[in-house]
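Just so it is clear: chains get the letters A, B, ... in the order the sequence lines come, proteins before strands, and each one is counted from 1.
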2 protein chains.
Amino acid sequence: MRKPRTSSIQKTAPVFAALGDPTRLRLVAALCAGGALSIAQLTTGTAVTRQAVTKHLTVLADAGLVRDIRQGRERLWELEPSRLDEARRSLDAIAAQWDQALQRLKSFVEK
Amino acid sequence: MRKPRTSSIQKTAPVFAALGDPTRLRLVAALCAGGALSIAQLTTGTAVTRQAVTKHLTVLADAGLVRDIRQGRERLWELEPSRLDEARRSLDAIAAQWDQALQRLKSFVEK
DNA sequence: GATACATGCAACCATTGGGTTGCATATTAC
DNA sequence: GTAATATGCAACCCAATGGTTGCATGTATC
């Protein structure tokens, strides 16, 4: 396994940016739990408008985190498994990198 | 261990937002590798201004990811271990949640 | 004390972002 | 066909963001 270079880690910025909003994070959580959901379903119980939800969904889609499937007059949204898995791996990589830094900091304090 | 509720996961949004910028991600990576660095050090080799770097550092600081220590005429920046560890755990939690969703999606396909 | 270095502060600018409202269009359901 | 539902499109608004430049201030250094 190749040590992650800075440049590759930087490619995760868009994913982080997409997740860096409470509303979008809520949408992802809902899709995690609820499978494929329509815009209307994702809107009910929210403080924001349907249009706002739509916008957030397109942002998530641009980051490759979700995908839409047309079904009749509905537009269902679901998680994008491959990209989500990729993002998950990025998180793991960063977590590992942080772990190293934390180790280093800790050993420095104890020195 | 208590199952993560949506509300608790949403608290990680600011951290994601802070990391959702290539420049800031680069700064975090630099601090991961380089320990405590001055603003000037963090600026050299960058396309942006020293002021821009300063702004990004305050954003990271607001998210609790970095901390500054004054040393003479320099202002050194380093990772905030506790908060970083907390963020790391959040990432792990989300990753676990995603794993569940991925499992569910996969088993659905194979059904 | 004068000079160089590291940073702070403030104003300013253009773009993006999150959100809304209003109206048009497709797709069921009756 | 008509009514109801689900969504699309576009314009608009305001606040936040990422960035700059110019100048002031603190701190070493000689």
| query | Going by number, which of residues 36-45 of chain A have a non-hydrogen atom under 4.0 Å from DNA chain D? | reply | Ser38(A), Ile39(A), Ala40(A)
| field | Interface with DNA chain D, restricted to residues 53-70 of chain B and to heavy atoms under 4.0 Å | value | Lys55(B), His56(B)
Please report the distance, rounded to the nearest Å, between [atom1] in [X] and [atom2] in [N].
| X | N | atom1 | atom2 | answer |
| --- | --- | --- | --- | --- |
| Trp77(A) | dA6(D) | CH2 | C1' | 14 Å |
| Leu76(B) | dG8(C) | CG | P | 11 Å |
| Phe16(B) | dG17(C) | CZ | P | 18 Å |

| said: I'd like to know if Gln51(A) reaches the base of dG18(C) with its side chain such that a donor and an acceptor end up less than 3.5 angstrom apart. | reply: no
| message | Once side-chain hydrogen bond (donor to acceptor under 3.5 Å, both in side chains) is applied, what residue pairs with a partner in residues 29-43 of chain A remain, sequence neighbours excluded? | response | Ser38(A)-Gln41(A)
| task | Summarise protein proximity over nucleotides 24-30 of chain D in one line of letters, 5' to 3': B for base, S for sugar-phosphate only, - for none, counting protein heavy atoms closer than 4.0 Å. | result | ---BS--
| message | Based on the rotation axes of five pairs at each end, what angle does the helix from dG1(C)-dC30(D) to dC30(C)-dG1(D) bend through, to 10°? | response | 30°
| remark: For Pro22(B), the side chain to side chain contact (heavy atoms under 4.5 Å, CB included) test, sequence neighbours excluded, returns Gln10(A), Ala13(A)
| message | Is Thr49(B) close enough to dT20(D) that one of its side-chain N or O atoms is under 4.0 Å from OP1 or OP2 there? | response | yes
| Below 4.5 Å, heavy atoms only, C-beta onward: do Leu31(A) and Leu42(A) meet side chain to side chain? | yes
Kindly list each side-chain donor-acceptor pair under 3.5 angstrom involving residues 49-61 of chain B, sequence neighbours excluded, with atom names and distances?
unit_1: Thr54(B); atom_1: OG1; unit_2: Arg50(B); atom_2: O; d: 3.0
unit_1: His56(B); atom_1: ND1; unit_2: Arg24(B); atom_2: NH1; d: 3.1
unit_1: Thr58(B); atom_1: OG1; unit_2: Lys55(B); atom_2: O; d: 2.6

Only distances under 3.5 Å count here; give the side-chain donor-acceptor pairs of residues 68-77 of chain B to other protein atoms, sequence neighbours excluded, each with its distance to 0.1 Å.
unit_1: Asp68(B); atom_1: OD2; unit_2: Arg75(B); atom_2: NE; d: 2.9

